[in-house]
Structures are given as structure tokens and as C-alpha cells.
Enquirer: 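After the C-alpha cells below, expect a handful of questions from me.
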Amino acid sequence: AQSVSQHNHHVILSEAASLELGCNYSYGGTVNLFWYVQYPGQHLQLLLKYFSGDPLVKGIKGFEAEFIKSKFSFNLRKPSVQWSDTAEYFCAVNAPGAGSYQLTFGKGTKLSVIP
Amino acid sequence: EAQVTQNPRYLITVTGKKLTVTCSQNMNHEYMSWYRQDPGLGLRQIYYSMNVEVTDKGDVPEGYKVSRKEKRNFPLILESPSPNQTSLYFCASSLKLVSTGELFFGEGSRLTVL
């Protein structure tokens, strides 16, 4: 079964700082990778996803993520964060090659952006 | 408006009193799933359903039941709730999880079991 590790539990940044959140997955076959965001008091929303092709994917609100197959990683980046980016971010993986109908989430990284 | 609707949004109950959390989606999605969210543990999948009458266990199914008699509805049943089931529950749906990967989430149901 697939699993996901997110390295940082809580990240605190000042506005305009650059962001990188780590995500590693464990599954040797083909995977679909996702980042979801949960703003305070809200439900999860899709930020971006990778299925195949260009390993650098761009999502909403200026976020991007890079899939590095050799490192089993899918790190989330943003060049300059804003206060409105304060939220919890979840990496998720699905392994369709294994016939998996599960979307497995990491434990999440809470981002606090200080004005 | 496309949405996933959960009820109730908030519930306080006592140990052993059966309860059902309803979930309904209006997007004609095949795939539906229940997750629980706990601090420091992220989202953990309870049950999922690939289509009507097809359900399977997720990672933490103990103490829960589900059914999928209609495409739009996927209720979560706690036959005999216990305090360790106090949590925030999310229902989610997807047109076809494997091909699109995108889950649409409900607003969440916060359950407290005393």
C-alpha cells in the first residue's frame, strides 16, 4: 500500500518569503500525486496534481510542485507567500497501477504567514 | 451548484447511541469516500465506494459501517459510538478517482462522543 510523509508539521514564514514543503511517498510503481489545501475552518480543496508529463506542475494561486521520481518526492513551492496562504497543506498519493481506489494523505503541514 | 452535503455539521452524543452522518452529492460522481481528520494524524480513510452497491474498507474502518444504495448518497453509520470516534469527518466524491484524482469534499461533520 502507498504511504505519504510530510516532513514539516508547522512552518512559520513572513510575507514575501519563499516556501517549500516537503513530501515523500512510498510506492515503486506509477503514482498520481496531489497537493490539497485546507484554509481555517474550511474543507479541503485541490491545489494541483501530477499524473504524467512535465514533472513541474503549476497550480492555483501561484503554487507549483516538482515530481522527482528518483527521490520519490513531490515538493510544493511558492516564490513569495502572502498572509492569505495561511492554511494546512496535505500531500496525497494514488497508485492506479495497483488497482488502488484509495487516495492516501500525509499528516499535513500547517503554514502560518506573518504579515 | 455542485456540492457535497453532509449532515449534521455538529453533533454531541453519548457512548453507545447509534448515529448516522448523511452525505449526498449532486455531481453524478461514481466514487465516494469517508475520511476522519484528527490533529497530528491528517486525514485517514474510513470507507470508500467505487459505485452503487460496491464498498470497501479504508485504513480505519473499525466501528463504522457504510452503504451505497443510491449513487448520490453514502451515509456513515456508527452503531455504538465510543469516545475515540470523536473527530472531524469529511465525505468526498470524485467522478472517477483513478482517472481524474480530484476529490470534492463536504464541509465536514464535527462529532463529539461523551
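In this text the structure is predicted, and so the values were computed from the model without any measurement. Lettering follows sequence order; numbering is per chain, from 1.
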Enquirer: For the residue pair B/His29 and B/Phe104, does the interplanar ring angle fall in the parallel (under 30°), tilted (30 to 60°) or perpendicular (over 60°) class?
Expert: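 Tilted, since the angle between the ring planes falls between 30° and 60°.
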Enquirer: Need one label for B/Asp59: side chain, backbone, both or neither, based on atoms under 4.5 Å from any heavy atom in chain A.
Expert: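 For B/Asp59, backbone and side chain are both near chain A.
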Enquirer: I need the residue from B/Gly106, B/Ala92, B/Gly58 with the largest number of non-hydrogen atom pairs under 4.5 Å to chain A.
Expert: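 Looking at each of B/Gly106, B/Ala92, B/Gly58 in turn, B/Gly106 comes out on top.
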Enquirer: Tell me, for B/Glu107 versus chain A, whether the close heavy atoms (under 4.5 Å) come from the side chain, the backbone, both or neither.
Expert: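 Both the backbone and the side chain of B/Glu107 come within 4.5 Å of chain A.
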Enquirer: Is chain A contacted by the side chain of B/Tyr31, its backbone, both, or neither, given a heavy-atom distance below 4.5 Å?
Expert: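 Contact with chain A involves the side chain of B/Tyr31 alone.
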Enquirer: Which atoms of A/Gln38 come close to chain B, meaning under 4.5 Å heavy atom to heavy atom: side chain ones, backbone ones, both, or neither?
Expert: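 When you check distances to chain B, only side chain atoms of A/Gln38 fall under 4.5 Å.
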Enquirer: If you count heavy atoms of other groups shown closer than 6.0 angstrom to CD1 of A/Ile68, is the number above 12?
Expert: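 Count over threshold, so yes.
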Enquirer: What part of A/Gln6 is in contact with chain B, defined as an atom under 4.5 angstrom from a non-hydrogen atom: side chain, backbone, both or neither?
Expert: neither
Enquirer: If the plane angle is over 60° it's perpendicular, under 30° parallel, otherwise tilted; pick one for A/Phe51 and A/Phe34.
Expert: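 A/Phe51 vs A/Phe34 ring planes: perpendicular.
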Enquirer: Could you check whether the rings of A/Tyr25 and A/Phe72 sit parallel, tilted or perpendicular, using 30° and 60° as the cut-offs?
Expert: perpendicular
Enquirer: Using ring centroids (six-membered ring only for Trp), state whether A/Tyr89 and A/Phe63 fall under 6.0 Å.
Expert: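 They qualify: ring centres under 6.0 Å apart.
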